[in-house]
Amino acid sequence: MIRDFVRRSALLAPVGALVGAGALAGWQVPAAVGGQPRGERLERMRRSPQFRDGAFHNAVEAAVAAPSGSALRDLVFGKEVRRPTRPVPLVGAPDFSAVHDGLRVSWLGHATVLVEVERKRFLFDPVWSDRVSPSTMVGPKRLHPVPWSVDDLPELDAVVISHDHYDHLDMMTVRRLFARQPSLTFVVPLGVGAHLERWRVPTANIVELDWDERTTVDHVEVVATAARHFSGRLRPGGNGTLWASWVIAGRDRKVFYTGDSGHFSGYERIGAEHGPFDVTLIQVGAYSPYWPDIHMTPEEGVATHRAVRGELLVPVHWGTFNLAMHSWSEPVERLLKAGDDIRIAVPKPGQALDVDDLREPEGWWREVA
């Protein structure tokens with residue numbers, strides 16, 4: 001039971017062990033859970049080197065240690081400061097009337113990032129809902145608003161999804177983005193297209209990739225690369241869809257996004273095959289000794305940045321939802337200490353960072369921690 005609790009609470013398949021069956025009554029619609037892969041999609045999944053015994057697997061298996069009953073006590077009654085004490089400073093959307101020629105990244109909170117590279121725009125793991133849950137009543141709630149509205153976004157070239165957990169794939173946001181831009185392409189790991197199709201995104205708008213497969217948006221290449229995680233919306237850990245990290249490679253500029261992942265040796269291969277990277281977007285939050293294999297600590301995030309041969313590190317997956325036992329600002333403080341010899345930028349939510357014109361981190365989080 002504790003093992004199941006840790007999977008559910010830590011990995012954001014939202015609230016099962018905390019509220020049990022009572023959460024079902026709060027679901028906005030059953031469709032929020034998503035769809036099941038069938039037919040040709042399922043057959044393609046079964047041909048993947050990552051798929052066996054009815055599920056996807058990591059290249060380096062990820063285990064969740066069986067903790068004591070202290071896991072629940074730590075999550076519910078721990079004394080860490082898990083939310084900011086003052087409002088988080090937000091930055092409004094920049095002027096998108098001119099398309100950015102170089103490389104600009106805008107962190108919108110948690111794992112949502114807009115990447116503008118060589119006149120193309122990619123939105124990673126967009127979530128605009130107040131809760132990362134199939135329910136509007138229960139589940140982790142935002143600690144700060146989204147700094148931009150969906151209507152503030154520019155015309156997008158693609159939405160890129162790392163995996164199907166609720167804090168990375170949100171039904172309401174997908175529907176709003178598609179309604180706003182019906183030609184929009186969604187690039188996702190194998191199987192995740194079944195969720196999108198249930199939410200009425202046409203098959204023609206969905207590109208599903210296995211690890212080491214790629215697609216192109218004009219001259220920019222989008223490559224699915226390995227990660228060490230798991231998947232599941234209705235049954236956490238069912239691993240019925242794939243998870244991935246992502247490479248965005250233009251003619252001159254490159255970006256690496258980890259998605260959710262534990263640290264593993266595959267990063268050296270990614271760096272050798274696809275690096276160096278101008279920017280790495282690296283998960284640094286929601287870690288715990290109870291689930292050491294599927295989320296990185298800040299120190300492991302620094303090691304990952306080095307392994308993939310990154311130049312600038314921008315931390316993601318912290319500061320927006322209370323998902324683990326550590327203090328709200330601890331991920332960034334530990335990151336800066338471990339990475340005191342590398343370039344790190346810690347933008348305010350919504351702040352657009354021109355990679356070629358950066359200042360030192362301002363420490364804004366210390367004013368609200």
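Nearest heavy atom pair, residue R228 against residue N58, reads CA-OD1, 3.1 Å. Closest non-hydrogen pair, P37 versus G35, comes out as CD-O, 3.9 Å. Here the closest heavy-atom approach between residue A244 and residue A227 is recorded as C-CB, 3.9 Å. The minimum heavy-atom distance linking W291 with A286 is given by the pair NE1-O, 2.8 Å.
Salt bridge annotation for D278-R343: absent, with no cationic side-chain nitrogen under 4.0 angstrom from a carboxylate oxygen. The pair K337-E330 fails the salt-bridge criterion, with no side-chain N (NZ, NE, NH1 or NH2) lying under 4.0 Å from an Asp/Glu carboxylate O. Salt-bridge formation is detected for the pair D341/R306: a Lys NZ or Arg NE/NH1/NH2 atom is positioned less than 4.0 Å from an Asp or Glu carboxylate oxygen. Ion pairing between a basic and an acidic side chain is recognised when a charged N comes within 4.0 Å of a carboxylate O; D356 and R253 show such pairing. The existence of a salt bridge linking R41 and E208 is confirmed by a sub-4.0 Å separation between a basic side-chain nitrogen and an acidic carboxylate oxygen. Salt bridge present: E299 and R334 bring a charged side-chain N and a carboxylate O closer than 4.0 Å. Under 4.0 Å is where a charged nitrogen must lie from a carboxylate oxygen, and between E273 and R269 at least one such pair does.
Contact check for H274 versus V308: no side-chain heavy atoms found under the 4.5 Å cut-off. A heavy-atom distance below 4.5 Å is not found between the side chains of S133 and Y166. No side-chain heavy atom of T185 sits under 4.5 Å from any side-chain heavy atom of V217.
Around atom CD of E61, more than 12 heavy atoms belonging to other residues, nucleotides or ligands sit under 6.0 Å away. More than 12 heavy atoms of other residues, nucleotides or ligands lie within 6.0 Å of CZ in R214, so this atom counts as buried by the packing criterion.
V81 belongs to no hydrophobic cluster with other residues, because no ILVMFWY side-chain heavy atom falls under 4.5 Å from its own, directly or through intermediates.
A perpendicular orientation is assigned to the rings of H163 and H165, their planes being inclined by more than 60° (bins at 30° and 60°). Taking the six-membered ring where the residue is Trp, F277 and F256 present tilted rings, their angle falling between 30° and 60°. Ring planes of F124 and Y257: tilted class, angle from 30 to 60°.
From S245, atom OG reaches atom CD1 of I270 across 4.0 Å, with rounding to the nearest 0.5 Å. The line from OG of S261 to CE of M296 is 5.0 Å long, rounded to the nearest 0.5 Å.
Taking the ring axis of F321 as reference, the NZ or CZ atom of R142 does not stay both within 45° of it and closer than 6.0 Å to the ring centre.
A donor and an acceptor atom, one from each side chain of H305 and T280, are located under 3.5 Å apart.
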Q: In sequence, state the C-alpha distance, the side-chain angles, and the governing distance for E197 and T203, and then conclude on side chain to side chain donor-acceptor pair (under 3.5 Å).
A: CA-CA 7 Å; E197 285 189 358; T203 304; 2.4 Å; yes
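Note: Y287 and H326 meet the aromatic proximity criterion, with ring centroids under 6.0 Å apart. Between F96 and W148, the distance from one ring center to the other falls under 6.0 angstrom.
Residues satisfying the side chain to side chain contact (heavy atoms under 4.5 Å, CB included) test with E80, not counting sequence neighbours, are R82, S327. Taking S329 as the reference, W365, A369 meet the side chain to side chain contact (heavy atoms under 4.5 Å, CB included) condition, with sequence neighbours excluded.
The one candidate from T258, L242, D260 that meets the side-chain contact (heavy atoms from CB on, under 4.5 Å) condition with H229 is D260.
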